[in-house]
Chemist: 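One structure, as structure tokens, below. Some questions next.
We number each residue from 1, following the sequence as shown. Since the model is a prediction, treat every value here as computed from it, not as a measurement. In each ligand, atom 1 is the first atom listed, and ligand 1 is the first ligand listed.
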Amino acid sequence: MDILVVISLFCVIITFVRWRLRRARVPFPPGPPGDPIIGHARIIPAENQGEYFYQLSKVYGPVIHLTVPGRTLVVLNTVEAAIDLLEKRSVNYSDRSRFVLFEIMGWNVSLAFLPYGKRFQKHRRLFQEYFTRKKCETYHNVQLKQSRILLRHLVKAPAKFESVLQWFTTSIIMHVAYGRQVTSEDDPFVTIAEEASATFSTCVQYMPSWFPGTYYAERARASKSLTDRIHVYPYKVIQMQMKQGTATPSFLSHHIEKLNEDSNTTEDDIDDIKGSAAMIYSAGGETTRATLIIFILAMVLYPECQIAGQKEIDEVLGVGKLPDFADRSSLPYVECILQESYRWNNAIPLGVPHKSMEDDVYNGMFIPKGSIMIANTRGMCLNENVYSEPYKFNPSRFLPKPYGLGEPYPVAHFGFGGRVCPGRHLADDSVWIAVASIIATLTVSKCIGKDGKEVTPDVEFTTGVTSLPKSFTCNIKPRNEVSEAAIISQTDEWNL
Ligand code: HEM
């Protein structure tokens, strides 16, 4: 036998034996007993998994080990464990599971689904460069204008607040991604993005890929043409506008310009910027809208918090003045309302699972290569060791003692480490300006039912990677005549 083959065989055997010995010495993280072969597939509930995992953590500790056929799951229930692994050891924990169906659907060059590697790093750079904290300040004007339009739309069509909020997030994203000022729902950029987003949401729905469920390749193939349109159409339009000198600066035009400066541009480079631009709407639209609907639900259920927010704005800004980004640091209670909206119920309760790339040992527990790492954001926000009465919406919890409880702002809602949400600054600014503007000028309250009694919405959420309150009704109207006048006066100021 060739000496090289013998040496290779010897190395493989040694590696295997060392792995077995290490495995034998170090146990998996604790977890409940599972069934033979199918592991925990039968006992993991289809809904409210975040809460279920959190309850398990009270018995088994912050890091839990579960299995489903072919998969090892490691659930992280505390911020500390998530930071220790996903952030401090991010090189090992920034991978994603490969899911062939996403690729069939055409989302193969999309950051959210890219495995760790050179292409992933390139896409992160494309995003990070355009969405730094500082750069996001240049979008404030767009967000401010859209927040004024949002108020007018909410006054005009309060019952349609869910679609009005969608319009708010869509308009901002269309502007930032494509430089597009959308004025109608029939705008081709909007319809194409919405159709493609539906396919994206389906992907994301199946993202964990550890949860039993099926999605057929045929259906996936059928949706590919929609995904292709959102990649190709905006690129062609912006490219043409750039040639004609009519393009408004945007994420896409910025990156096309950079490609034009480089003589070695490849097809892959072009696909990368098409994929990244498409990702902005798909990853940023529904998540931002969901967070705002969570805030509206909280205002309906906790009117005393809304009143406290209004009082602060009246005292700091004066009655009838609408908030601007420069006012953010002067409005601590409004900030607490925003942070509590992130904490009380999360738009992405289980984060987006990462995957481990090598065997690892954490606090005496063995985490095998290929584990699906679930950062249980919901559990982190419910943690009774950190938050008192965690199911209650209580913005004052964040105020320093003796005014409040001195509890920390949530940190998990934008994810962790090498995969942390690259759109977080843009998203946070959009949500803040909407929250502050609504509190300043409108009153959100319970509807009165046919029986003359107030209708209290249930706190029920849709199941999926993005989770938002199930449809509910509420009243939205100007706080008073001064607020109404302030909303109307914006029409001239912003030439709306
Ligand atoms: C309130 C709104 C938003 C929330 C709550 C949110 C939350 C998240 C979370 C939890 C993740 C997964 C992080 C992880 O894997 O650890 C994520 C990923 C991502 N988000 Fe956001 N996001 C929001 C808005 C946005 C916006 C506006 C954009 C676009 C500018 C965006 C772009 C992305 C992308 C591209 C990824 C994938 C990152 C990767 O896989 O490396 N998100 N987001």
Chemist: List the closest protein heavy-atom neighbour of atom 12 (C) of ligand 1: residue, atom name, distance to the nearest 0.1 Å.
Modeler: Val352 CG2, 3.5 Å

Chemist: Do NZ/NE/NH1/NH2 and the carboxylate oxygens of Arg180 and Asp187 come within less than 4.0 Å?
Modeler: yes

Chemist: If you count the atoms of ligand 1 from 1 in the order shown, which ones are under 4.0 Å from a heavy atom of Arg124?
Modeler: 38 (C), 39 (C), 41 (O)

Chemist: I'd like to know if Lys369 pairs up with Asp360 as an ion pair, taking the criterion as any Lys NZ or Arg NE/NH1/NH2 lying under 4.0 Å from an Asp or Glu carboxylate oxygen.
Modeler: no

Chemist: Does an N or O anywhere in Met279 fall below 3.5 Å from an N or O of ligand 1?
Modeler: no

Chemist: Which residue supplies the protein heavy atom nearest to atom 34 (C) of ligand 1, what is that atom called, and how far is it?
Modeler: Pro422 CD, 3.5 Å

Chemist: Of the non-hydrogen atoms in Lys135 and Tyr130, which two are nearest, and what is the gap between them?
Modeler: CG-O, 3.1 Å

Chemist: Could you tell me which atoms of ligand 1, counted from 1 in the order shown, lie closer than 4.0 angstrom to a heavy atom of Phe416?
Modeler: 16 (O)

Chemist: Taking 4.0 Å as the limit for heavy-atom contacts, which would you say applies to Thr288 with ligand 1: side chain only, backbone only, both, or neither?
Modeler: both

Chemist: Could you tell me which atoms of ligand 1, counted from 1 in the order shown, lie closer than 4.0 angstrom to a heavy atom of Ile348?
Modeler: 7 (C), 8 (C), 9 (C), 10 (C)

Chemist: Would you call Glu162 and Arg289 a salt bridge, using N to O less than 4.0 angstrom?
Modeler: no

Chemist: Just to confirm my output: which protein heavy-atom neighbour is closest to atom 16 (O) of ligand 1, and how far is it?
Modeler: His354 NE2, 2.8 Å

Chemist: Is the ring pair His413/Tyr342 parallel, tilted or perpendicular, if the boundaries are 30 and 60 degrees?
Modeler: parallel

Chemist: If you count the atoms of ligand 1 from 1 in the order shown, which ones are under 4.0 Å from a heavy atom of Phe120?
Modeler: 41 (O)

Chemist: Quick check on contacts: which atoms of ligand 1 are under 4.0 angstrom from a heavy atom of Thr291?
Modeler: 1 (C)

Chemist: Pick, from Ala177, Ala112, Ser430, Ala283, the option with the minimum heavy-atom distance to atom 32 (C) of ligand 1.
Modeler: Ala283

Chemist: When you look for heavy atoms under 4.0 Å from ligand 1, do you find them on the side chain of Phe414, its backbone, both, or neither?
Modeler: both

Chemist: Kindly assign one of parallel, tilted or perpendicular to the pair Phe251 and Phe131, based on the angle between their ring planes and the thresholds 30° and 60°.
Modeler: parallel

Chemist: I need the minimum non-hydrogen distance between Phe366 and Phe28, along with the two atoms involved.
Modeler: O-CD2, 3.4 Å

Chemist: Quick one: nearest non-hydrogen protein atom to atom 5 (C) of ligand 1, plus distance?
Modeler: His413 O, 3.6 Å

Chemist: Is the shortest distance from a Lys or Arg side-chain nitrogen in Arg133 or Asp429 to a carboxylate oxygen in the other one below 4.0 Å?
Modeler: yes

Chemist: Would you call Lys88 and Asp84 a salt bridge, using N to O less than 4.0 angstrom?
Modeler: yes

Chemist: Should Asp262 and Lys258 count as an ion pair when the cut-off is N to O under 4.0 Å?
Modeler: no

Chemist: Which atom names give the shortest non-hydrogen contact between Ser356 and Ile367, and what distance separates them?
Modeler: OG-CG2, 4.5 Å

Chemist: For ligand 1, does Arg96 get within less than 4.0 Å through its side chain, its backbone, both, or neither, judged by non-hydrogen atoms?
Modeler: side chain

Chemist: Of all the non-hydrogen atoms in the protein, which one sits nearest to atom 23 (C) of ligand 1, and at what distance?
Modeler: Thr287 OG1, 3.4 Å

Chemist: Looking only at protein heavy atoms, which one is nearest to atom 13 (C) of ligand 1, and what is the separation?
Modeler: Arg419 O, 3.1 Å

Chemist: Applying a strict 4.0 Å limit to heavy atoms, is Tyr342 in contact with ligand 1?
Modeler: no

Chemist: Around atom 22 (N) of ligand 1, find the nearest protein heavy atom and jot down its residue, atom name and distance.
Modeler: Cys421 SG, 3.1 Å

Chemist: Considering non-hydrogen atoms of the protein only, which is the closest contact for atom 27 (C) of ligand 1, and what is the distance?
Modeler: Gly284 CA, 3.5 Å

Chemist: Consider salt bridge (charged side-chain N to carboxylate O under 4.0 Å, His left out). Of Lys392, Arg397, Arg343, which one does Glu407 pass it with?
Modeler: Arg397

